[in-house]
Visitor: 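Sharing a structure here in structure tokens format.
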Number of protein chains: 2
Amino acid sequence: MDERVPTAPEDAATSPAAEKWAWEKWGWDYCTNTALRRATRRIGQLYGDVSAASGLTPPQHILLSHLKLAADSADPAAATLRGLAAAMIMDLSALGHTLKPLIRDGYVELVPDARDRRVKRARLTPKGEAKRAEGHALWLVAQRRFDALFGPEEAAALRRALAVVASEEFAAAFRKGDAE
Amino acid sequence: MDERVPTAPEDAATSPAAEKWAWEKWGWDYCTNTALRRATRRIGQLYGDVSAASGLTPPQHILLSHLKLAADSADPAAATLRGLAAAMIMDLSALGHTLKPLIRDGYVELVPDARDRRVKRARLTPKGEAKRAEGHALWLVAQRRFDALFGPEEAAALRRALAVVASEEFAAAFRKGDAE
DNA sequence: TGATGATAGTGGCATATACCAGTTTCGTGA
DNA sequence: TCACGAAACTGGTATATGCCACTATCATCA
């Protein structure tokens, strides 16, 4: 095992000395949450700088991509707001708020379901699809640069690990620990 | 090499078929940025649920922890707003906004520098340090549960990879690709 | 010493994200 | 068919985060 970033000593909570030692040795990246946020902000900057020419923020481009993915999906629930929110691991209302500027700018439209009037589907307009494609071309530059720099295999392994963390199964298992 | 999440085929941008294939095969986690955001939102939920009893949001707890780290640091610039922002890979103004509620609630105070009146240092109040410690105890529960579930070595490797992505060196190398 | 450019931070605006309360619609069972 | 609970969204409020314009202060140099 690589010892540069070992796990927390068992007595970190009860021993101030051990805790201090852990912080000084590993700093911020000792916390999974902190490490994730730091990396996310950095990648947001780097990818965002590359794709800024499209006028889309990174979350907006991701959302448009999800919309296209949902449209191509065989699952009819994929494009509903609830389905999208679940896919993006996002709060439903947060998704609604995020969609607002995209609807305002004519990239996305909401289509009520004919059979269940509670349900709405989000759909890319032609203008939105064009914008998504524009953003995708820029995104690809950033993605390739990242892979070249970080290493293709390492990048794939990182994304694989992140997918596990994000998965429903992981969340369910984590929450089950609550009962113990 | 594990082939479940290989890198992008070189013609992904120019071949609609290849692009479609990539999306269908790997879905959202094919994009580093998306994978990071999904995982961050998930971990934010899981860690946040565990530590909600402290009344701190995850970013707030992280910020208080940085403040303690900066106070213990030998570097006098560590606790300045600019130093903190750099350490957290955050925009200076974003840090200022995030500090507002913590100052309002009496957890943090801003102390102007005597020699350079442009500079301000952020400092934990006793109340803030107590709140940080309270949050830390809860955080430790989440952190241990994560490590137990994800695997201690895998968790350490993940955090190590994220630290590389977040590093200044990585950002500088990535941006240098711009000139090529 | 005064002009000038750099640095630190603030405030405004916009998007990102979450929680909660409320509304509309649906499904189910008496 | 009607009451009632569940489901899907909406809107309000709060924090999270970033960009830009602006102010105050400092450092440098003619």
Side-chain angles (χ1 to χ4, degrees), chain A residues 33-34 36-38 40-49 51-52 55-64 66 77 79-86 88-105 107-108 110-122, chain B residues 33-34 36-38 40-49 51-52 55-64 76-77 79-86 88-105 107-108 110-122:
Chain A
N33 196 4
T34 305
L36 272 168
R37 282 173 191 277
R38 280 166 48 86
T40 298
R41 284 193 290 260
R42 177 72 80 193
I43 290 296
Q45 288 172 8
L46 299 179
Y47 275 53
D49 286 349
S51 59
L56 295 173
T57 66
Q60 287 176 337
H61 175 232
I62 291 172
L63 183 46
L64 296 188
H66 272 74
T80 67
L81 295 189
R82 183 160 293 275
L84 277 171
M88 297 185 70
I89 313 183
M90 248 178 113
D91 185 85
L92 174 60
S93 74
L95 173 64
H97 293 316
T98 303
L99 277 171
K100 283 273 165 61
L102 295 171
I103 294 172
R104 177 199 60 200
D105 295 341
Y107 298 144
V108 178
L110 295 185
V111 184
D113 186 279
R115 271 166 299 195
D116 187 340
R117 276 183 297 175
R118 290 172 303 182
V119 174
K120 286 186 184 175
R121 287 188 167 70
Chain B
N33 197 3
T34 305
L36 272 168
R37 282 173 191 276
R38 279 166 49 87
T40 299
R41 284 194 289 259
R42 176 72 79 193
I43 289 298
Q45 288 172 8
L46 298 178
Y47 276 52
D49 286 349
S51 59
L56 295 173
T57 65
Q60 286 175 338
H61 175 231
I62 291 172
L63 182 47
L64 295 188
T80 67
L81 294 191
R82 184 160 293 275
L84 278 171
M88 297 185 69
I89 313 183
M90 247 177 115
D91 185 85
L92 174 60
S93 73
L95 174 64
H97 295 317
T98 303
L99 278 171
K100 283 272 165 63
L102 294 170
I103 294 172
R104 178 200 60 201
D105 296 340
Y107 297 143
V108 178
L110 294 186
V111 185
D113 185 279
R115 271 166 299 193
D116 186 338
R117 277 181 297 174
R118 290 172 303 179
V119 173
K120 286 185 185 175
R121 289 189 165 68

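Chain naming here is simple, since letters A, B, ... match the order of the sequence lines and numbering starts at 1 in each. Heavy atoms only: backbone and side chains are in, while hydrogens, waters and symmetry mates are out.
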Visitor: Closest-nucleotide mapping onto DNA chain D: is A:G83 or A:Q45 further toward the 5' terminus? I mean the 5' end.
Guide: A:G83
Visitor: Enter the distance from A:Q45:CD to B:M90:CE here, rounded to the nearest 0.5 Å.
Guide: 11.0 Å
Visitor: First contact, last contact: which nucleotides of DNA chain C are these for chain A, 5' to 3', heavy-atom distance under 4.0 Å?
Guide: C:dT15 to C:dC26
Visitor: Rounded to the nearest 0.5 Å, how far apart are CG of A:L36 and CZ of B:R41?
Guide: 12.0 Å
Visitor: Work out which heavy atom in B:P76 is nearest to a heavy atom in B:R121; give both atom names and the distance.
Guide: O-NH2, 2.9 Å
Visitor: A side-chain contact here means heavy atoms from C-beta on lying under 4.5 Å apart; do A:L81 and A:L99 qualify?
Guide: yes
Visitor: Does B:Y107 offer a backbone N or O that forms a donor-acceptor pair with the side chain of B:D105 under 3.5 Å?
Guide: no
Visitor: Between A:A94 and B:K100, name the one whose nearest nucleotide on DNA chain C is closer to the 5' end.
Guide: B:K100
Visitor: Between B:H61 (NE2) and D:dT15 (P), how many Å, whole number?
Guide: 18 Å
Visitor: If you pin A:P58 and B:R82 to their nearest nucleotides in DNA chain C, which one's is more 5'?
Guide: B:R82
Visitor: Under 4.0 angstrom, heavy atoms only, what part of the nucleic acid is A:T57 near: base, sugar-phosphate, or nothing?
Guide: sugar-phosphate
Visitor: With sugar-phosphate meaning primed atoms plus P, OP1 and OP2, does B:R37 contact a base, only sugar-phosphate, or nothing at under 4.0 Å between heavy atoms?
Guide: sugar-phosphate
Visitor: Would you mind building the protein contact string for nucleotides 23-29 of chain D? One character per nucleotide, 5' to 3', B for base within reach (heavy atoms under 4.0 Å), S for sugar-phosphate only, - for untouched.
Guide: --BS---
Visitor: CG of A:L110 to CD1 of A:I103: how many Å apart, nearest 0.5 Å?
Guide: 4.0 Å
Visitor: Give me the one residue out of B:I89, B:T34, B:N33 that meets side chain to side chain contact (heavy atoms under 4.5 Å, CB included) with A:I43.
Guide: B:N33
Visitor: Under 4.0 Å between any heavy atoms, over every strand shown, what does A:L92 touch: base, sugar-phosphate, or nothing? Just pick one.
Guide: base
Visitor: With a 4.5 Å cut-off on side-chain heavy atoms, are B:D113 and B:T80 touching?
Guide: no
Visitor: With DNA chain D as reference, determine whether B:S93 or B:R104 sits nearer its 5' end, using the nearest nucleotide of each.
Guide: B:R104
